A.B. asks: 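Questions regarding the structure given below will be posed in turn.
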Amino acid sequence: MGTASSKDYDSSSSHGGEEREDQGGGGQLYVSLKMENYNLKGELIPHVYGSVPLVGSWDSSKALALERESMSMWELSFVVPPNHETLDFKFLLKPKNSNLSYVVEEGPNRQLIGGTLQGDKRSAMFNLGADEILEYRVYIKADRVSPFDLAASWRAYQENFQPSTVRGIPDVSINSAAESSNKHGSSANLELDLEDYVVPTPTKSANSGLVYAANMTETPRSLSGGVFSKADGSSDALHGQTDTVISFDRPAMEVIVPDPSNLSSQSGLGESKSVGTFSHPQKQEGHRGLFVDRGVGSPRLVKPENATTLFIDNKHDSEAKNSMPAAAGAVAAAAVADQMLGPKEEQHLAIVLVGLPARGKTFTAAKLTRYLRWLGHDTKHFNVGKYRRLKLGANLAADFFRDDNPEGLEARNEVAALALEDMISWMQEGGQVGILDATNSTRKRRNMLMRMAEGKCKIIFLETICNDRQIIERNIRLKVQQSPDYAEEPDFEAGYHDFKGRLENYEKVYEPVEEGSYIKLIDMVSGHGGQIQMNNISGYLPGRIVFFLVNTHLTPRPILLTRHGESRDNVRGRIGGDSVISDAGELYAKKLANFVEKRLKNERAASIWTSTLQRTILTASPIVGFPKIQWRALDEINAGVCDGMTYEEIKKNMPDEYESRKNDKLRYRYPRGESYLDVIQRLEPVIIELERQRAPVVVVAHQAVLRALYAYFADRPLKEIPHIEMPLHTIIEIQMGVTGVQEKRYKLM
Ligand code: F6P
């Protein structure tokens with residue numbers, strides 16, 4: 001501990017005979033007095049009062065409050081000369097919001113001499129009446145600190161209103177004034193009318209549920225520019241376009257891949273296999289360009305001598321582009337392994353949907369796209385219906401879809417081929433996973449697609465089969481309400497009748513998949529049972545896809561995301577740490593509990609998830625009636641050596657780190673800490689579990705973690721994640737259901 005010599009914490013014991021150095025170095029004693037009690041009495045705050053040199057008065061109303069250090073520990077620290085005069089004092093407990101009643105500890109006064117407590121070891125016992133005795137263990141620790149350490153610590157305190165450990169000196173905690181009455185008002189009057197707290201959602205929010213999922217798919221390139229170029233070179237004017245254009249450009253990235261041909265001849269092979277993802281090309285020069293991984297559980301990047309450097313930038317069309325994901329950890333490692341070992345065409349994966357209309361293909365495709373993108377795989381959803389509407393218009397009657405209508409059949413095959421061609425061109429420019437969303441319900445159609453894809457990408461058929469008449473009926477109704485195919489049909493019944501006719505035409509010729517690589521989802525939508533069948537599925541990505549599909553379902557349920565209540569470190573502008581919540585944070589905790597009680601009062605089950613850090617646990621603690629689960633994966637981004645600092649301190653003391661983060665916040669990894677990409681990787685099991693849950697979940701977590709979780713539901717690109725607004729004291733309700741994901745926000749304070 002710097003220049004300090006320390007005496008370890010010891011439960012209150014007699015050190016009376018021990019001689020302390022009180023000369024030399026001019027140091028002071030930094031004394032930390034702690035009280036511990038696991039039997040939480042949140043409303044009773046431990047205080048000390050005593051003789052003039054210590055507290056100034058035996059007047060209990062002037063007693064000094066101890067500060068809450070953790071769930072069970074309270075602390076008061078102060079500095080005295082090593083040869084200080086005897087200090088005598090006692091502990092007392094005061095109710096949080098009242099100066100009037102208090103309980104003084106039993107037994108004689110305590111005496112502190114030379115930084116040690118005199119007399120026998122003893123706990124502090126408080127008689128609360130009615131035979132209730134509350135016992136606190138008492139600890140004391142004294143460190144000698146140099147005047148310089150003290151000066152630095154004091155300055156840090158003054159600058160940041162919080163003790164600093166930056167220079168390795170002990171925290172000097174200056175306790176705040178005795179707990180004042182709750183300036184935010186009492187918690188008694190927290191009756192909430194939930195709608196009063198609704199605030200508008202930001203423009204880029206998760207309201208895709210309001211939009212037909214097919215509209216969110218890729219804009220046909222071969223049909224772009226307002227003119228449709230036919231295979232024979234002629235062109236058609238476009239029919240009315242109703243589809244929304246959403247473009248997702250992926251950030252440029254760099255991945256270092258060892259040249260496989262040189263692997264065996266290299267020394268240090270074990271290290272050279274490892275990978276990392278990171279910074280922009282301009283950061284290559286010098287040692288810093290390649291320094292990404294600073295430990296903590298992710299692959300460590302070591303650039304091997306003969307490494308091949310690959311740049312992925314969708315804006316450039318080059319052979320060097322590849323299927324590397326803009327991601328970290330397992331995803332990057334798997335991509336590199338595939339790059340090194342797999343056949344070239346297997347670097348690109350086409351998931352080709354198969355199934356009758358109204359079997360949830362588009363929603364499955366949209367969900368899978370969202371998941372793979374979030375994991376960092378460059379993924380696009382190509383909806384053949386969108387191509388059909390652009391080329392042939394939206395108002396095609398059921399007869400168009402008859403298999404014995406040669407023009408209709410040819411036109412449908414043509415648009416399917418166009419969509420696949422677009423997908424393949426996109427893959428050749430670096431795209432990794434394409435999802436082709438169409439019925440593809442005959443073997444002939446699928447053979448055509450397989451021939452087109454040969455040597456270019458690997459096809460996995462994903463067939464959705466649903467035998468539940470109720471679910472099919474619901475899907476048909478949704479389709480008639482939402483699909484642009486019926487946008488100009490004012491009569492719902494007429495639309496319904498037409499769509500049923502279309503469905504029958506498909507049913508007549510439907511041939512379930514029995515060829516190639518396939519995954520069949522049979523009656524899986526409800527999340528109750530069902531069956532999944534697979535043929536010829538292997539590899540990292542297909543494995544992840546199967547795992548995701550096994551766990552997702554469409555049962556509607558809300559997911560409530562919130563940051564913890566304001567923490568003491570939030571008040572002080574310090575990042576990371578494990579501080580408790582402030583008064584405002586405590587008020588939010590109560591309001592949140594009230595909100596959850598109301599919002600979930602009709603739910604048969606729900607669960608509350610927190611991180612393992614105090615601020616989330618304390619925020620969730622007033623919530624009653626639901627099980628609480630702590631996830632380490634929900635802990636805040638690990639700021640490594642910057643943990644506990646303010647952004648200003650980082651800027652001042654570590655300007656290079658500050659700049660690197662500013663330049664690439666997504667990939668920047670704190671020294672000995674984490675990057676946002678690392679956080680996303682560790683959150684994958686949380687996402688899978690959220691998908692799997694059928695009951696509502698309340699997630700009380702942290703800013704960076706919630707940005708990453710929210711981005712998954714809102715389908716926000718990776719590069720935006722570190723910049724997503726995630727305000728305190730606000731609940732984001734994500735509604736997961738058959739029509740996708742919708743969002744509502746409540747600002748409680
Ligand atoms: O400041 C609160 C906090 O949760 C920190 O603990 C954490 O380091 C930070 O937010 C993450 O946000 P950003 O990535 O913008 O620094």
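Bear in mind the structure is a predicted one, so any value in this text is a computation, not a measurement. Note that ligands are numbered from 1 as they come in the structure, with each ligand's atoms numbered from 1 the same way. If you read the sequence from its start, that first residue is 1, and numbering goes on from there.
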A.B. asks: Which residue and atom name correspond to the protein heavy atom nearest atom 10 (O) of ligand 1, and how close is it?
C.D. replies: Gln703 NE2, 3.0 Å
A.B. asks: Within a distance under 4.0 Å of any heavy atom of Ile637, pick out the atoms of ligand 1 and give their elements.
C.D. replies: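 Atoms satisfying the 4.0 Å criterion: 8 (O).
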A.B. asks: Quick one: CE on Met645 to CD1 on Ile575, what's the gap to the nearest 0.5 Å?
C.D. replies: 8.0 Å
A.B. asks: Has Ala639 got any heavy atom lying under 4.0 angstrom from an atom of ligand 1?
C.D. replies: no
A.B. asks: Can you tell me the protein heavy atom closest to atom 8 (O) of ligand 1 and the distance?
C.D. replies: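 Looking only at protein heavy atoms, the one closest to atom 8 (O) of ligand 1 is Ile575 CB, 3.5 Å.
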A.B. asks: So if I count the atoms of ligand 1 from 1 in the order they appear, which ones are less than 4.0 Å from some heavy atom of Lys665?
C.D. replies: 13 (P), 14 (O), 15 (O)
A.B. asks: Output the list of atoms in ligand 1 that are nearer than 4.0 Å to some heavy atom of Asn570, sorted by atom number.
C.D. replies: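 Counting from 1, the qualifying ligand atoms are 2 (C).
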A.B. asks: Below 4.0 angstrom from a heavy atom of Gly576, which ligand 1 atoms are there? Numbered from 1 as shown, please.
C.D. replies: 5 (C), 6 (O)
A.B. asks: Any side-chain donor paired with an acceptor under 3.5 Å for Asp678 and Ser675?
C.D. replies: yes
A.B. asks: Measuring from non-hydrogen atoms of Arg661 to any atom of ligand 1, is the shortest distance under 4.0 Å?
C.D. replies: yes
A.B. asks: Could you check whether Tyr668 and Tyr670 have their ring centres less than 6.0 Å apart?
C.D. replies: yes
A.B. asks: With sequence neighbours left out, what residues match Glu597 under salt bridge (Lys or Arg N to Asp or Glu O under 4.0 Å)?
C.D. replies: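 Glu597 satisfies salt bridge (Lys or Arg N to Asp or Glu O under 4.0 Å) with no residue once adjacent residues are dropped.
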A.B. asks: Can a cation-pi geometry be assigned to Arg745 and Tyr710, taking NZ or CZ under 6.0 Å from the six-membered ring centre and within 45° of the ring axis?
C.D. replies: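 Yes.
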A.B. asks: Provide, to 0.1 Å, the distance between atom 4 (O) of ligand 1 and the closest protein heavy atom, together with that atom's residue and name.
C.D. replies: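 Of the protein heavy atoms, Glu636 OE2, 2.4 Å lies nearest.
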A.B. asks: Arg563 versus ligand 1: do any nitrogen or oxygen atoms come within less than 3.5 Å of each other?
C.D. replies: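 No, Arg563 has no N/O under 3.5 Å of an N/O on ligand 1.
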A.B. asks: Any side-chain donor-acceptor pair under 3.5 Å between Ser611 and Glu636?
C.D. replies: no
A.B. asks: Once you restrict to heavy atoms under 4.0 Å, what part of Asp569 touches ligand 1? Side chain, backbone, both or neither.
C.D. replies: neither
A.B. asks: With a 4.0 Å cut-off on heavy atoms, is His702 in contact with ligand 1?
C.D. replies: no
A.B. asks: Give the table of side-chain donor-acceptor pairs shorter than 3.5 Å for residues 622-631, with sequence neighbours excluded, one pair per line with atom names and distance.
C.D. replies:
unit_1, atom_1, unit_2, atom_2, d
Lys628, NZ, Ala620, O, 3.1
Lys628, NZ, Ser621, O, 3.2
Lys628, NZ, Ile623, O, 2.7

A.B. asks: What's the spacing between Thr562 OG1 and Ile608 CD1 if we round to 0.5 Å?
C.D. replies: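 Reported to 0.5 Å precision, the distance equals 11.5 Å.
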A.B. asks: What I want to check is whether the side chains of Glu566 and Tyr588 have a donor and an acceptor closer together than 3.5 Å.
C.D. replies: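 No.
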A.B. asks: For ligand 1, does Arg707 get within less than 4.0 Å through its side chain, its backbone, both, or neither, judged by non-hydrogen atoms?
C.D. replies: side chain
A.B. asks: Who gets closest to atom 9 (C) of ligand 1 by heavy atom: Tyr647, Tyr670, Tyr668?
C.D. replies: Tyr647
